[in-house]
Amino acid sequence: MIKNPKVIVDLTHLTHNAKQVIGTCHDLGIDVAGVVKGATGAVGVARAFVNGGANQIASSRVEQLEAIKAAGFKEETMLLRVPMLSEIPDVVRWADITLNSELTVIEAQEEEAARQHRIQKIILMADMGDLREGYWDKDEMAEVALKIEKEMPHLQLIGVGTNLGCYGSVAATPEKLNELIDVAHKVEAKIGRKLQYISGGATSSYMRIMDGNLPKEINHLRIGEGILLARDFEVFYGYKNTGLYQDTFVLQAEIIEVKEKPSHPVGELAVDAFGHKPTYVDKGMRKKALLAIGKVDYGDTAELIPLEPGLEVLGASSDHTILDITECPRDLKVGDVVKFTINYATIVYLTNTENVQLEYIWDDELMSND
Ligand SMILES: *Cc1c(COP(=O)(O)O)cnc(C)c1O
């Protein structure tokens with residue numbers, strides 16, 4: 001028995017999402033790296049991505065790729081965050097593919113790959129305006145590509161890629177992706193051969209497939225959220241009936257106190273546990289419950305979406321969450337558990353803390369037929 005609080009991962013629904021999204025990509029000749037960083041690289045989650053057809057397993061953290069290798073996966077691993085110069089031995093050991101934007105780092109990878117008798121695959125990142133990682137100067141990028149091609153026998157340049165919608169909230173429009181294709185052509189002209197991959201982004205680029213306007217030459221995507229939670233499509237972009245489950249991750253926490261209490265604090269008000277001065281609505285006496293989970297575990301109460309009818313999250317401190325359960329039809333008692341669906345960012349927090357464990361559930365029959 002896994003103790004509370006816990007996150008329940010529905011592997012049947014997750015595998016369904018992976019099969020649908022990755023299958024749609026494969027039908028169009030697009031390979032998919034399944035991005036597991038959103039669930040802190042959880043091995044069960046990686047397994048669902050692979051069962052869904054993922055061509056690679058990707059994470060921003062090299063430690064998670066090491067865990068994936070240790071778990072015996074045969075798929076290639078991909079490091080999403082451009083490597084730190086100080087982590088190159090681990091990067092070469094655990095990442096089969098890296099995304100790169102600095103020649104110094106690439107040179108260090110070549111040297112280390114030679115030492116480890118490994119060949120490492122490289123995707124050069126182009127910054128198309130989102131202003132996180134990648135080459136702004138595309139001439140410089142093409143020169144680096146040529147250097148890898150001609151002077152670095154332990155590195156294999158397999159493609160170019162870009163990242164959109166992360167810092168600069170720039171949308172993955174067909175125009176942006178066509179600009180990336182132009183960059184790919186520039187690099188191909190420089191090195192005198194075709195590249196294997198033009199890696200056109202993340203979940204936000206998958207929406208171009210849903211719209212039927214993903215430029216043809218994009219043949220690789222790196223997808224996390226759109227499979228793990230599949231909520232952004234509907235919540236932020238208004239796509240309906242995606243056929244994807246949005247309840248793959250559910251948080252369960254336990255009630256440790258139930259009492260009638262005032263809704264407005266009693267006494268002289270100063271600041272809360274975080275130095276803030278919140279306002280409190282006075283609704284008189286209410287039935288309140290305390291949960292044994294807090295901001296340390298999930299970050300922000302606004303990201304918790306109660307599955308219990310009538311339940312309202314009032315606030316939280318580091319280790320306690322305060323609920324108003326006056327309107328709950330169920331007679332909640334100490335020891336009962338309540339459930340929440342959670343947002344993508346919250347899953348990262350919850351899967352990163354030792355206080356919260358993952359419990360995998362699946363439906364044997366559906367898993368074999370799906
Ligand atoms: C996180 C990340 C992704 C996956 O993003 P999602 O929005 O979860 O699909 C893809 N590429 C890079 C470089 C990333 O850092």
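This structure is a prediction, so every number in the text was calculated from the model and none was measured. Start at 1 and go down the list; that is how both ligands and their atoms are numbered.
- Scanning all protein heavy atoms for the shortest distance to atom 11 (N) of ligand 1 gives Arg222 NE, 2.9 Å.
- Of all atoms in ligand 1, listed by their number and element, those nearer than 4.0 Å to a heavy atom of Lys37 are 1 (C), 2 (C), 3 (C), 14 (C), 15 (O).
- A cation-pi geometry, defined here as NZ or CZ lying under 6.0 Å from the six-membered ring centre and within 45° of its normal, does not hold between Arg231 and Phe236.
- When each of Lys190, Glu217, Lys194 is paired with His185, the side-chain hydrogen bond (donor to acceptor under 3.5 Å, both in side chains) condition holds for Glu217 and for no other.
- Annotation for ligand 1: atoms under 4.0 Å from non-hydrogen atoms of Arg132 are 13 (C), 14 (C), 15 (O).
- In the vicinity of Glu133, heavy-atom distances shorter than 4.0 Å reach the ligand 1 atoms 13 (C).
- The existence of a salt bridge linking Glu312 and Lys283 is confirmed by a sub-4.0 Å separation between a basic side-chain nitrogen and an acidic carboxylate oxygen.
- In this structure, the side chains of Leu291 and Phe340 come closer than 4.5 Å at one or more pairs of heavy atoms.
- Distances between N or O atoms of Gly224 and those of ligand 1 include at least one value under 3.5 Å.
- Side-chain atoms of Gln120 and Gln156 form no donor-acceptor pair, as typed in the model, at a separation below 3.5 Å.
- Surrounding CD of Glu102 are at most 12 heavy atoms belonging to other residues, nucleotides or ligands under 6.0 Å away.
- Remark: side-chain polar atoms of Tyr360 are paired, donor with acceptor, to backbone N or O of Gly44 under 3.5 angstrom.
- Of all the heavy atoms of Val35, the ones lying under 4.0 Å from any atom of ligand 1 belong exclusively to the side chain.
- Salt bridge annotation for Asp324-Lys261: absent, with no cationic side-chain nitrogen under 4.0 angstrom from a carboxylate oxygen.
- Proximity of Met78 to ligand 1, defined as any heavy-atom pair under 4.0 Å, is not found for any part of the residue.
- The nearest protein atom to atom 5 (O) of ligand 1, hydrogens excluded, is given as Ala202 CB, 3.3 Å; this is a heavy-atom distance.
- Applying the 4.0 Å criterion to heavy atoms of Glu225 picks out, from ligand 1, the atoms 6 (P), 8 (O), 9 (O).
- Of the protein's heavy atoms, Asn163 OD1, 3.4 Å lies nearest to atom 12 (C) of ligand 1.
- Below 4.0 Å from some heavy atom of Ile223 lie the following atoms of ligand 1, by number and element: 9 (O).
- Salt-bridge formation is detected for the pair Asp139/Lys186: a Lys NZ or Arg NE/NH1/NH2 atom is positioned less than 4.0 Å from an Asp or Glu carboxylate oxygen.
- Residue-ligand proximity, Tyr344 to ligand 1, at heavy-atom distances under 4.0 Å covers atoms 8 (O).
- With a 4.0 Å heavy-atom cut-off, ligand 1 is reached by no atom of Arg81.
- Closest to atom 6 (P) of ligand 1, if we only count protein heavy atoms, is Thr203 OG1, 3.5 Å.
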